[in-house]
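Have a look at the structure below before the remarks.
Residues: numbered from 1 along the sequence shown.
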Amino acid sequence: MIILASASPRRIEMLTNAGLDPVVRPASIIETLPFPMEPETATMYLAMRKASAVYDEIKSKADSLPKGTNRDWPPASDYTIIGADTVVVHEGRIIGKPRDKQDAYSILSRLRATSHHVITGCCVIKDGVRNCFYEDTEVWFKSYSAEELNDYLSTDEAYDKAGGYAIQGSFGKYIDRIDGDYNNVVGLPLDKVLEYL
């Protein structure tokens with residue numbers, strides 16, 4: 001059984017379209033770092049914490065059952081758990097999800113007519129073994145006017161995504177080009193994940 005430690009509709013859709021049927025079990029963690037890290041390390045660390053939190057929860061439930069009832073909760077090692085964390089990095093600065101419209105406007109104004117990196121860290125726990133990796137895609141934006149930006153920010157698209165945009169959504173028309181994995185920008189480097197399943 002494959003468990004996705006995320007409620008991201010985009011990650012769910014990608015795994016489903018790949019022929020998988022993931023159980024969605026978002027991890028309950030506080031997404032903080034114990035000390036400053038490079039973006040690549042930070043995303044892998046948070047992805048590992050998410051996957052590990054779900055693994056530990058399943059293990060605790062399976063281990064607490066009386067003998068003979070483990071058919072209801074197979075051992076945690078029987079599950080494959082996927083954790084992921086995505087950030088946008090511009091000029092060395094990590095950009096997460098915008099707090100509000102003003103923050104989204106500020107973020108997308110800085111990203112206009114320049115490039116940034118989308119980094120997704122992943123952790124796949126299979127047979128109790130943690131495999132962590134990341135994918136880095138460079139994205140170039142076209143120029144857009146303040147009016148176009150305000151029109152975009154009047155929609156709901158910007159507010160639950162790192163960097164304040166969705167490449168597969170209405171903002172896609174402002175993408176000039178990318179260097180790397182398109183799916184990574186959506187939120188999951190699917191091909192790499194599939195290698196570990």
Side-chain angles (χ1 to χ4, degrees), residues 4-18 20 22-33 37 39-40 42-47 49-50 82-122 134-193:
L4 178 62
S6 167
S8 164
R10 296 160 296 282
R11 292 173 182 149
I12 296 166
E13 182 180 14
M14 276 193 277
L15 291 171
T16 302
N17 289 343
L20 304 173
V23 173
V24 177
R25 199 177 190 93
S28 296
I29 68 163
I30 298 173
E31 296 186 31
T32 57
L33 302 173
M37 298 178 184
E40 298 84 355
T43 58
M44 288 189 292
Y45 170 80
L46 291 173
R49 283 193 56 211
K50 292 174 185 179
I82 303 168
D85 187 76
T86 300
V87 296
V88 166
V89 179
H90 180 244
E91 297 179 346
R93 177 182 173 189
I94 293 178
I95 300 171
K97 299 174 184 177
R99 296 182 302 274
D100 50 34
K101 183 174 181 178
Q102 182 178 352
D103 190 34
Y105 187 93
S106 175
I107 290 169
L108 291 171
S109 294
R110 290 197 307 273
L111 298 180
R112 179 194 289 122
T114 185
S115 77
H116 59 274
H117 292 260
V118 177
I119 300 172
T120 301
C122 296
Y134 73 91
E135 184 70 30
D136 183 344
T137 303
E138 190 168 9
V139 181
W140 282 262
F141 279 0
K142 298 175 183 177
S143 186
Y144 36 83
S145 67
E147 182 180 1
E148 288 172 319
L149 183 50
N150 277 316
D151 285 347
Y152 171 68
L153 294 177
S154 68
T155 72
D156 294 331
E157 186 176 296
Y159 302 102
D160 68 337
K161 298 166 185 68
Y165 74 95
I167 191 171
Q168 75 281 12
S170 63
F171 197 82
K173 63 185 176 183
Y174 298 120
I175 307 296
D176 184 40
R177 67 188 191 279
I178 70 167
D179 182 8
D181 183 354
Y182 173 89
N183 285 330
N184 180 52
V185 184
V186 177
L188 192 69
L190 184 63
D191 290 342
K192 273 192 176 180
V193 169

query = side chain to side chain contact (heavy atoms under 4.5 Å, CB included) between L188 and C122: does it pass, once the steps are laid out?
reply = CA-CA 8 Å; L188 192 69; C122 296; 4.0 Å; yes

Where Y105 and A146 come nearest, the two heavy atoms and their spacing = OH-CB, 3.4 Å

key: Distance, nearest 0.5 Å, that separates CZ of R112 from CD of E148   = 9.0 Å

inquiry  = Could you check whether H90 and F141 have their ring centres less than 6.0 Å apart?
reply    = no

task = For L33 and M37, work out which heavy atoms get closest and say how close.
result = CD2-SD, 4.1 Å

remark   = CZ of R93 to CD1 of I107, rounded to nearest 0.5 Å, is 7.5 Å

remark   = Rounding to 0.5 Å, atoms NZ (K161) and OG (S8) come to a distance of 8.5 Å

ask   = Do you know which two heavy atoms are closest between L111 and Y144, and how far apart they sit?
value = C-OH, 4.1 Å

message = Measuring only between side-chain heavy atoms, which start at C-beta, is Y182 closer than 4.5 Å to Q168?
response = yes

note = Sequence neighbours excluded, the answer for ring-ring contact (aromatic ring centres under 6.0 Å, His included) partners of Y134 is none

query = Distance-only, no hydrogens or angles: does the S106 side chain make a donor-acceptor pair with backbone N or O of Q102 under 3.5 Å?
reply = no

message = Would you compute the distance between atom CD1 of I12 and atom CZ of R10 and round it to the nearest 0.5 angstrom?
response = 9.5 Å

query = Any side-chain heavy atom of L153 within less than 4.5 Å of one from L108?
reply = yes

remark   = Residues passing the ring-ring contact (aromatic ring centres under 6.0 Å, His included) test with H117, sequence neighbours excluded, are none

note = Looking only at heavy atoms, the pair that brings G83 and A47 closest together is O-CB, 3.6 Å

inquiry  = Do R110 and I95 make a side-chain contact, defined as non-hydrogen atoms from C-beta onward lying under 4.5 Å apart?
reply    = yes

ask   = In chain order, what residues pass the side chain to side chain donor-acceptor pair (under 3.5 Å) check against D85, with sequence neighbours excluded?
value = K50

key: R11 side chain to T86 side chain, donor-acceptor N/O pair below 3.5 angstrom   = yes

query = Would you call V118 and H116 a side-chain contact if the rule is heavy atoms closer than 4.5 Å?
reply = yes

query = Heavy-atom count around D100 CG within 6.0 Å, excluding the residue itself: above 12?
reply = yes

ask   = Within a strict 4.5 Å, meaning less than it, do heavy atoms of the D179 and W140 side chains meet?
value = yes

message = To check you understand the geometry: which heavy-atom pair defines the closest contact between A7 and P26, and what is its length?
response = CB-CG, 3.7 Å

From L149 atom CG to K101 atom NZ, the distance as rounded to the nearest 0.5 Å = 9.0 Å

query = Counting heavy atoms not belonging to K192, are there more than 12 under 6.0 Å from its NZ?
reply = yes

query = Between F171 and Y165, how do the two ring planes meet: parallel, tilted or perpendicular, split at 30° and 60°?
reply = tilted

key: Any I167 side-chain heavy atom under 4.5 Å of I178 side chain   = yes

key: Close side-chain approach of L15 and L190, heavy atoms under 4.5 Å   = yes

request  = List the atom of P189, the atom of D181, and the distance in Å for their closest heavy-atom pair.
outcome  = CA-OD2, 3.5 Å

ask   = About how many Å separate CD of E135 and CD1 of I119, when rounded to the nearest 0.5 Å?
value = 10.0 Å

